[in-house]
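Some notes on the structure that comes next.
Just follow the structure's listing: the first ligand is 1, and inside any ligand the first atom is 1.
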Amino acid sequence: MIFETHPPLRAHRAAVWQSLREHFAATGSAPMSALFDADAQRFERFSLEAAGLFLDYSKNRLDERALSLLIALADASGLPAKRAALFDGATINLTEGRAALHTALRAPAAIAAESVGEPGAAEIAAVRARCADFAGRVRSGAWRGHTGERITDVVNLGIGGSDLGPRMVVDALRPFCVELPRLHFVANIDGAELDDVLQRLDPATTLFIVASKTFTTIETLTNARSARRWLLASGASQADVARHFVAVSTNAQAVAEFGIAAENMFGFWDWVGGRYSLWSAIGLPIMIAIGPARFDELLAGAHAMDEHFRHAPAHANMPVLLALVGIWYRNFGATASHAVIPYSQHLQRLPAYLQQLEMESNGKSVSIDGEVLAHASCPVVWGEPGTNGQHAFFQLLHQGSDLIPIDFIAAVEASHGLHEHQRLLLANCIAQGSALMHGKDEGTVRTELAAQGLDANTIERVARHRGFAGNRPSNTLLLKKLDPPALGALIALYEHKVFVQSVVWNVNAFDQFGVELGKVVARRIDDALRAGSVPQGLDGSTSGLMARVLERQG
Ligand SMILES: O=P(O)(O)OC[C@H]1O[C@](O)(CO)[C@@H](O)[C@@H]1O
């Protein structure tokens, strides 16, 4: 029973936890710049390279002892055994009785077979080959719509993990995307999103991918039904639907009931969590956009990070370190949020993707053993690309009342020839981390203002407002270039960071019961709205809002 924490280990963990608490109280406010002053090698010692990524985590309020205590905490939480269980395909998603084997999807067949068995590895390869064949036909124009015209537009209808990953990757790899077909993504049940896309498209040249692991998700099925009506309204017959609709799902029966034939369905398995699924057939839109060979490169990059995570010792293990630095602030510094700022326009969807990955995985307050947690778990994850964020919320990052640790992410080499832009982009990225750390003391502000000729009264009035306390931490992740292997490694890095944090927080990163209640209540309210009456026994706000909607809808 790998998940039972033995009492001696639990006692050891509690002792390490207490030491970390004391160590943060003693050192957590000390200036980071002093750590650099005391150690000329700090940058070299608090940075590392793995799977083509470079992580600088030196600008953290973290000394050697903090780091070794954090590593001890990971060990005492059972990380080595739990990581082995993840890769071995053990039933680590205990509440749903499943393994979490997204790593097998990107491993060479021989390695995948170690966890899913040889038949499992063969199935993975077979589905990928079918996806590659289909993607190739759509890209080349061999797959045609019912009028014989080539497909110019592909619309992915999915939500959550069946949308965020493929949407983010297609956006990130735009320079590698084929011109035709164009890729579109529709997730929201708000008809405005589907309508906006359909208005621009021709039914005869549009292909829909209905992507849903369960094939029961109301948003996706509602969008798919509306899309089918749109196609039929254009004069296509029921039989023509097969040329314009394919499905990606684990639920063959529901796909068949929807009217999509088995040969137009690409399957995957219940051991692939929705938010970990872009490596499976859910990645079909990615394959269509960048081609099967580039998709393989994405998988290879992720696999390289898997191997690193699996084998590197904790002190040289990028996902482990990224996770532990986060835990340092969250659990011992009581920070409430974590910002991710990609200095890359093409990574603009990364924060949204990470919100699901991190918060749906670790936004829990009950432990894997069913006990109420005595410590904090996932912080709020948020972000926007730099430099845009600098002109919006960086005020708060620099001078706000909360300490917010940040991950800056940038690609050194640009995907375009606008060299001045790239230089300025990187200068800003590096500058922000530096400014956040060093700040600017009031004395310096006063001297500068005096040098500008400001009078004493004005200086007195503004000096404090213009000072920066500094000592605000950040990690910086550098990619050589935003290409498929680097992106694969980056995503896998965050997946494993989330896993390590789940181990330390002792929560199940692979279920998501927290999304269910709202769905059930929405169904009840929708039934009532459809019936045109407000049921008895609801709270005043719910019934008041429903009455108002009914009244306005006439
Ligand atoms: O792929 P499906 O089954 O449509 O689910 C979509 C998303 O909905 C969720 O279940 C949350 O509602 C996510 O976990 C999942 O990624």
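- When the shell of 6.0 Å around CZ of Arg548 is examined, it contains 12 or fewer heavy atoms from other residues, nucleotides or ligands.
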Pairs under 3.5 Å, N/O atoms on ligand 1 and on the protein: can you put them in a table with the distances?
unit_1	atom_1	unit_2	atom_2	d
ligand 1	1 (O)	Ser162	OG	2.6
ligand 1	1 (O)	Lys213	N	2.7
ligand 1	3 (O)	Ser212	OG	3.4
ligand 1	3 (O)	Lys213	N	3.3
ligand 1	3 (O)	Thr214	N	2.9
ligand 1	3 (O)	Thr214	OG1	2.6
ligand 1	3 (O)	Thr217	OG1	3.4
ligand 1	4 (O)	Ser212	OG	2.6
ligand 1	4 (O)	Thr217	OG1	2.5
ligand 1	12 (O)	Lys519	NZ	3.1
ligand 1	14 (O)	Glu360	OE1	2.8
ligand 1	16 (O)	Gly161	N	2.7
ligand 1	16 (O)	Gln356	NE2	3.2

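- Taking the six-membered ring for Trp and the full ring otherwise, the centers of Tyr494 and Tyr353 sit at least 6.0 Å from each other.
- Listed by chain and number, the residues in a ring-ring contact (aromatic ring centres under 6.0 Å, His included) with Trp279 amount to none (sequence neighbours excluded).
- Rounded to the nearest 0.5 Å, atoms NE2 (His303) and CG (Leu298) are 13.5 Å apart.
- Screening Asn508, Val507, Ile92 for a side chain to side chain contact (heavy atoms under 4.5 Å, CB included) involving Ser502 leaves a single residue, Val507.
- Within a 6.0 Å radius of CD in Gln253, no more than 12 heavy atoms belonging to other residues, nucleotides or ligands are found.
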